[in-house]
Amino acid sequence: MPEHRKQIEALVFVSESPLRVDRIAEILEMKKGDVRAVLNDLQQEYEGADRGIILEEVAEGFQFRTRPECSEAIQQLVKSRPFRFSRAALETLAIIAYRQPVTRAEVEYLRGVDSGGVFKTLLEKQLIRILGKKDVPGRPLIYGTSKEFLEFFGMRDLSALPTLKEFSDLSSELADAGMENSVAVSVHGGEGEEPD
Amino acid sequence: MPEHRKQIEALVFVSESPLRVDRIAEILEMKKGDVRAVLNDLQQEYEGADRGIILEEVAEGFQFRTRPECSEAIQQLVKSRPFRFSRAALETLAIIAYRQPVTRAEVEYLRGVDSGGVFKTLLEKQLIRILGKKDVPGRPLIYGTSKEFLEFFGMRDLSALPTLKEFSDLSSELADAGMENSVAVSVHGGEGEEPD
Amino acid sequence: MAYEIKIENFEGPLDLLLHLIKKNEMDIYDIQVAAITEQYLAVLDSMKSLNLDVAGEFLLMAATLLHIKSKMLLPVHDDEEADEEEIDPRAELVRRLLEYQKYKDAGETLGGMPCLNRDVFARKFPSPELVVGQEDEEMIAVGIFELVEAFQRLLKETSDPYIHEINIEKLTVSERINSILGLLSGRDSLAFMEIFDGTPDRPMVVVSFLAMLELVKMRLVRLMQNTRCGSIWLYPAVVEDDLAAVELGDDTLGYA
């Protein structure tokens, strides 16, 4: 029975880059030859069965990959991936949420960078919408958040957005009441009065 | 022979977060029931064999994860110190999980202590989230657990929370902090002698 | 029997009280308030003697205990019985203690569950199969908290308040155009942030930005970005004399 089979499989699985035999041997305090034997065994097992993943040996070590015939499905997955926020998108959305109705120039003024691309993405994702045109020279478009924005963040309406003050109140307490500190050393006296 | 078995395995494997049955069904143009059947089948196969990885249903999706008995080896590989919970954090998290949607004041009343710092940390770790504001005077923020919470504790959904024990008397099994050293890191070394 | 109590091991007054009641093997529904109060206060005293700050919550509970104790000492008047059933002054405290115990237990159960990145691990990096055509910008999961945090961070970084001021006449776009051209002369490229000395104020950034756009319009510079929201680079569009043309990638912005 090969030793540490499970551990070796798990190690290769969680490793972001191909995992070298000697690294595994070091961690599990095994002989390199034994590690390689287990890996070859695993490799055959994955190869033989009708699996979607295979264990591959590349120049730098061992790595799990998906089988080539699954690539089409994976491409579909990439395409249908839910929208994930970049920091820029989050920043822009935050400004629009709090400052609406707002023009793009105003957002860019606050962010200090061109935000055209981000606006486009947010519009495409329907998180923001054009509210109209501002009555100033140039008649720039003004933007606000959409119904989808509320849904995305699970808010009933915009008033559910915490004010900055509420947020600061929460933040300021971190300074003296960290997670690792026990409560006995914190000096806050506030006790909730709300019965349930 | 189940259809698209390989593809389903590959899709779950490459996904960064737990993959939902309906997304797989959409990508492969299959019925949700059929997808689930394949997944359950795969799940059993991984579970039964002497494998280092298992297929788990978490946060309303499927994800490959390593087996708990491999954790020691992996910790050596990734070298990241895992996030450690203080008792305060666990208590707070439990209250939020079972009583959501809940306000901070409600949690503090139950715990008997100010919990602002713990809330902030839990928010930063994305284990809890702001759900909105309560419709009572003062409109306090209300909180609930997040998808990350489910992922973190490996639960499919909130119904997978362990049943809350109702106590009609004092429990003798509960670890008693005063005698047995607790999870919480004590900041001060002080100790009290109790007169009898 | 005297043994140590580490006050900081208690999550709060309810936790401490639970411990004292259990230790004394009292019936939760028949707490001997006088005895418990005495022990509770003794623990608090020992904290003070060690110069530990006693949290407000602990003091508040002490007051509550003393209040209950005094109520229990009051003689029961016969005439009060008729109106309502005598409410045990301890009832609310007992209810809170039992409720607290319930969540303390639940917290311990949670803590004992296998958790991600401690007991079990998933692949938390994008598979190589997935990264085709992905922007290499950091992607983040967001909720309301992250949204507010982003806004607050932004406001902190912005030195002056969000007010349009009109006192920027001194700072003209044409002046900025000239100074940018000056900086760019003899160089292959210039980062947008390089055109400032130190930390620029808002009007300065805006005027510089306008100047930059003007330069693009005049086809004197080209702008490039590595990532969509990465830093902006300025390249001379017309290279002086016989210097080789600057290599421009496909990701040149559509400005030029």
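Just so we're on the same page: letters track the sequence lines, and every chain starts at 1.
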- [ ] Heavy-atom distances under 4.5 Å only: say whether A:S159 touches chain B with side chain, backbone, both or neither.
- [x] both

Open item on the list: Under a 3.5 Å distance rule, please check whether B:K6 uses its side chain to pair with a backbone N or O of A:R67 as donor and acceptor.
Closed with: no

Open item on the list: Looking only at heavy atoms and a cut-off of under 4.5 Å, which of B:I8, B:T66, B:I53, B:I142 has the most pairs with chain A?
Closed with: B:I53

TODO: Heavy-atom pairs under 4.5 Å with chain A are the metric here; pick the option from B:E26, B:R51, B:Q7, B:E72 that has the most.
DONE: B:R51

Show me the donor-acceptor pairs, under 3.5 Å and distance only, between side chains in residues 11-19 of chain A and residues at least two apart or in other chains.
from  : atom 1 : to    : atom 2 : distance (Å)
A:S15 : OG     : A:S17 : O      : 2.6

Task: B:E45 portion near chain A, given a 4.5 angstrom heavy-atom threshold - done: side chain

TODO: Go through the structure and list residues passing ring-ring contact (aromatic ring centres under 6.0 Å, His included) with A:Y143, not counting sequence neighbours.
DONE: A:F119

Task: B:R139 portion near chain A, given a 4.5 angstrom heavy-atom threshold - done: both

TODO: Rounded to the nearest 0.5 Å, what's the gap from CG on A:L161 to CG on B:L141? Could you check?
DONE: 10.0 Å

Task: Reported CD-to-CD distance for the pair A:E29 and B:Q76, which is rounded to 0.5 angstrom - done: 7.5 Å

Open item on the list: Check this for me: A:E57, atom CD, are more than 12 non-hydrogen atoms of other residues, nucleotides or ligands nearer than 6.0 Å?
Closed with: yes

TODO: Check each atom of B:I74 against the heavy atoms of chain A and say whether the ones under 4.5 Å are side chain, backbone, both or neither.
DONE: both

Task: Residue part contacting chain B, namely of A:I27, when any heavy atom lies under 4.5 Å - done: both

Open item on the list: Looking at every non-hydrogen atom in both residues, tell me the closest pair between A:A160 and B:G132 and how far apart they are.
Closed with: CB-CA, 3.9 Å

Open item on the list: For the CD atom on A:E148, are there more than 12 heavy atoms of other groups (residues, nucleotides or ligands in this structure) within a distance under 6.0 Å?
Closed with: yes

